[in-house]
Engineer: 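The following block contains the structure, expressed as structure tokens.
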Amino acid sequence: MLMALSLLKGVGPAALRKVARISKFLDLSIDTIAEQVPAIAKSLNATPYAWTAALEIANLQLDLVEAHCARVLSPMDNDYPSLLAATKDDPFLIYVKGALSSRPERSIAIIGTREPTAHGQKTATRIAHFCADQGWSVVSGLAIGCDGIAHRATIDAGGHTVAVLAHGLQMVAPTRHQRLADSILESGGALVSQFRFGLNVQAQQYVQRDRVQAGLAQGVVMIQSDVKGGSLHASRAALEYKRWLAIPYPTSADRDRNEPKVQANLLIVEGAQEAKALLLRCTPSDLERVLVLRSREDYSSLAGIMVPENFN
């Protein structure tokens, strides 16, 4: 029912939440539900046979879910990630293949540029190993560079990792990470997407994917990024969700070479408050939740982070 409703034009997570709050909505007709949720009524009135078509597509989706050994979760399910539900703009439906962490509240996102420096590669590996050793699940986006390094390092350390994808679970992008995706599942981790089966990669979906990464974690570690990097989407979302953002300090070698991929790190660590807030699109008070990792000794600060203030 919820999947079919989500397929109606103009019906998003807010409308689905209204439906979920209707007592015994599964026993009601679509017309009765539409009377209580204007977005659904508008969609049904605009397109003849919209509901019939949505039900047909939903049934096909469920067949694909079963064929791919996946499942669909909504906030009505007990195993829907509680940290994600606490963001309040979470996708109402997520597709999951594999196993989510048994302690999803102990999750950290490790993200960064697709072109890390040698030091960035080492840092991503070390932090992922540290998180795995502490029993934390590592969330990332399966992208080339820092994401892939974080997933692989977590697996190598015997930890749990979740890859959030920007497309349906019928594929893996980039294709060179198909084996890594298989390894994530084989090691007891999960592939997660808010996008239904059949949807391919589209540019705008990466921003949504990045927000889900932040939503699934208590905080985000941004290994390296330039000032226009895609990693900033998840970093900004973390602060927006009242969670923490950790920034490794660049090495003197990377600073001396004026490496483009560490410029966001430098600005966040050394820039003026106004410049930091502008880059991260946050308030000055949000910057209090930015942590600077200057050495491996600072990693211990990640393990003791409090649960987000909006999480219950």
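Index from 1, following the sequence.
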Engineer: Any heavy-atom pair between the side chains of Leu232 and Ser225 that's under 4.5 Å?
Structural biologist: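 With C-beta onward as the side chain, the pair touches.
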Engineer: May I ask you to test the Ser6-Leu16 pair for a side-chain heavy-atom distance under 4.5 Å?
Structural biologist: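 In short, these two side chains touch, coming nearer than 4.5 Å.
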Engineer: Report yes or no: does His160 contribute a side-chain atom to a donor-acceptor pair with the main-chain N or O of Arg103 at less than 3.5 Å?
Structural biologist: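 Judged by distance alone, no pair lies under 3.5 Å.
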Engineer: Short question: side chain of Arg209, backbone of Leu165 - any donor-acceptor pair under 3.5 Å?
Structural biologist: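 The answer is no, because no donor-acceptor pair under 3.5 Å joins these two groups.
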Engineer: Atom CG of Leu142 and atom CD of Gln213: how far apart are they, to the nearest 0.5 Å?
Structural biologist: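 So the CG of Leu142 and the CD of Gln213 are separated by 10.0 Å.
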Engineer: Any chance you could measure Leu239, atom CG, to Leu280, atom CG, to the nearest 0.5 Å?
Structural biologist: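 The distance works out to 5.5 Å.
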Engineer: So which atom in Leu2 and which in Met76 form the shortest heavy-atom distance, rounded to 0.1 Å?
Structural biologist: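 Reported closest heavy-atom pair: CD1-SD, 3.9 Å.
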Engineer: Between Asp286 and Arg236, does a salt bridge (charged side-chain N to carboxylate O under 4.0 Å, His left out) hold up when you go through it step by step?
Structural biologist: CA-CA 10 Å; Asp286 288 332; Arg236 292 162 178 156; over 6 Å; no
Engineer: Are any non-hydrogen side-chain atoms of Asp147 and Ile111 less than 4.5 angstrom apart?
Structural biologist: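 Yes; the side chains approach each other to less than 4.5 Å.
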Engineer: Do Val227 and Tyr206 share a hydrophobic cluster (ILVMFWY, side-chain heavy atoms under 4.5 Å, transitive)?
Structural biologist: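 No, it is not one cluster - the side chains of Val227 and Tyr206 are not joined through contacts under 4.5 Å.
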Engineer: Is it true that Leu73 and Leu26 fall in one hydrophobic cluster, defined by side-chain heavy atoms closer than 4.5 Å?
Structural biologist: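 No; Leu26 is not reachable from Leu73 via cluster members.
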Engineer: More than 12 non-hydrogen atoms from neighbouring residues, nucleotides or ligands closer than 6.0 Å to CG on Asn78, yes or no?
Structural biologist: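 Not buried by this count: 12 neighbours or fewer within 6.0 Å.
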Engineer: Does Ile144 share a hydrophobic cluster with Val201, counting links as ILVMFWY side-chain heavy atoms below 4.5 Å and allowing steps through other members?
Structural biologist: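 They do not share one cluster, since no chain of ILVMFWY contacts under 4.5 Å joins Ile144 to Val201.
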Engineer: Does the side chain of Pro250 come within less than 4.5 Å of Leu266's, by heavy atoms?
Structural biologist: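 Touching, per the 4.5 Å side-chain cut-off.
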Engineer: If you measure from the Lys or Arg side-chain nitrogens to the Asp or Glu carboxylate oxygens, is any gap between Lys88 and Glu240 under 4.0 Å?
Structural biologist: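 Judged by the 4.0 Å cut-off on N to carboxylate O distance, Lys88 and Glu240 do not form a salt bridge.
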Engineer: Mind checking whether Tyr299 and Leu291 sit in one hydrophobic cluster, side chains of I, L, V, M, F, W, Y counted as touching below 4.5 Å?
Structural biologist: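 Shared cluster, yes.
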Engineer: Any sub-3.5 Å donor-acceptor pair from Thr47's side-chain atoms to Leu44's backbone N or O?
Structural biologist: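 Such a contact is absent between Thr47 side chain and Leu44 backbone.
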Engineer: From His151 NE2 over to Ser183 OG, what is the distance, rounded to the nearest 0.5 angstrom?
Structural biologist: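 One finds 11.5 Å between NE2 of His151 and OG of Ser183.
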Engineer: Would you compute the distance between atom CG of Leu5 and atom CD1 of Ile40 and round it to the nearest 0.5 angstrom?
Structural biologist: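 Rounded to the nearest 0.5 Å, the CG-CD1 separation comes to 4.5 Å.
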Engineer: Please name the pair of heavy atoms, one in Lys276 and one in Leu267, separated by the smallest distance, quoted to 0.1 Å.
Structural biologist: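 Closest approach of Lys276 to Leu267: CG-O, 3.5 Å.
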Engineer: Could you please spell out the steps behind the side-chain contact (heavy atoms from CB on, under 4.5 Å) verdict for Met222 and Ile268?
Structural biologist: CA-CA 11 Å; Met222 188 182 77; Ile268 294 170; 3.9 Å; yes
Engineer: Apply the test side-chain hydrogen bond (donor to acceptor under 3.5 Å, both in side chains) to residues Tyr249 and Asp298: give CA-CA distance (whole Å), side-chain angles for both, the deciding distance (0.1 Å), then the verdict.
Structural biologist: CA-CA 11 Å; Tyr249 190 66; Asp298 291 333; over 6 Å; no
Engineer: Do Asp254 and Gln224 have side chains that approach each other closer than 4.5 Å (heavy atoms only, starting at C-beta)?
Structural biologist: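 They are in side-chain contact.
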Engineer: Compare all side-chain heavy atoms of Arg179 with those of Asp182 and state whether any distance is below 4.5 angstrom.
Structural biologist: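 Yes, their side chains come closer than 4.5 Å.
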Engineer: Under 4.5 Å between any side-chain heavy atoms of Thr125 and Asp156, yes or no?
Structural biologist: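 No, side chains not in contact.
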Engineer: Where do Leu8 and Ser43 come nearest, in terms of heavy atoms and distance?
Structural biologist: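 Closest approach of Leu8 to Ser43: CB-OG, 3.5 Å.
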Engineer: Is the backbone of Ala253 close enough, under 3.5 Å, to the side chain of Asp256 for a donor and an acceptor to pair up by distance?
Structural biologist: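 No, Asp256 side chain to Ala253 backbone: no donor-acceptor pair under 3.5 Å.
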Engineer: Does the pair Asp79/Arg71 count as a salt bridge with the N-to-O cut at 4.0 Å?
Structural biologist: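 Salt bridge: yes.
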Engineer: Looking only at heavy atoms, which two atoms of Ser193 and Leu169 are closest? And how far apart?
Structural biologist: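 Heavy atoms only, the tightest pair is CB-CD2, 4.0 Å.
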Engineer: Say you draw a straight line from OH of Tyr241 to CG of Asp90; how long is it, rounded to the nearest 0.5 Å?
Structural biologist: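 Result: 8.0 Å between the selected atoms.
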Engineer: Exactly one of Arg257, Lys261, Arg255 should register a salt bridge (Lys or Arg N to Asp or Glu O under 4.0 Å) with Glu259. Which one does?
Structural biologist: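 For Glu259, the salt bridge (Lys or Arg N to Asp or Glu O under 4.0 Å) test succeeds with only one of Arg257, Lys261, Arg255, which is Arg257.
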Engineer: Same cluster or not: Leu287 versus Leu279, using hydrophobic residues (I, L, V, M, F, W, Y) connected whenever any side-chain heavy atoms lie under 4.5 Å apart?
Structural biologist: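 Both belong to a single hydrophobic cluster.
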Engineer: What's the verdict on side-chain contact (heavy atoms from CB on, under 4.5 Å) for Leu180 and Ile155, showing C-alpha distance, side-chain angles and the deciding distance?
Structural biologist: CA-CA 10 Å; Leu180 177 56; Ile155 294 170; 4.2 Å; yes
Engineer: Report all side-chain donor-acceptor pairs from residues 53-67 shorter than 3.5 Å, counting only partners two or more places apart or in another chain.
Structural biologist:
| residue | atom | partner | partner atom | Å |
| --- | --- | --- | --- | --- |
| Asn59 | ND2 | Leu55 | O | 3.2 |
| Gln61 | OE1 | Phe197 | N | 3.0 |
| Gln61 | NE2 | Phe197 | O | 2.9 |

Engineer: Taking all heavy atoms of Ala132 and all of Gly159, pick out the closest pair and write down the distance.
Structural biologist: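 Closest approach of Ala132 to Gly159: CB-CA, 3.9 Å.
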Engineer: Indicate the atoms forming the closest heavy-atom contact of Val11 with Ala15, along with that distance.
Structural biologist: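 Nearest pair, atom of Val11 first, then Ala15: CG1-CB, 3.8 Å.
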Engineer: Drop me the distance from Gln205's CD to Gln194's CD, to the nearest 0.5 angstrom.
Structural biologist: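 One finds 8.0 Å between CD of Gln205 and CD of Gln194.
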Engineer: Could you go through Val162 and Ser137, starting from their C-alpha distance and side-chain angles, then the distance that decides it, and tell me whether this counts as side-chain contact (heavy atoms from CB on, under 4.5 Å)?
Structural biologist: CA-CA 7 Å; Val162 173; Ser137 176; 4.0 Å; yes
Engineer: Before giving the answer on side-chain contact (heavy atoms from CB on, under 4.5 Å), spell out for Phe195 and His167 the whole-Å C-alpha distance, their side-chain angles and the decisive distance to 0.1 Å.
Structural biologist: CA-CA 6 Å; Phe195 303 106; His167 47 73; 5.6 Å; no
Engineer: Are any non-hydrogen side-chain atoms of Phe130 and Val138 less than 4.5 angstrom apart?
Structural biologist: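 No. Closest side-chain heavy atoms not under 4.5 Å.
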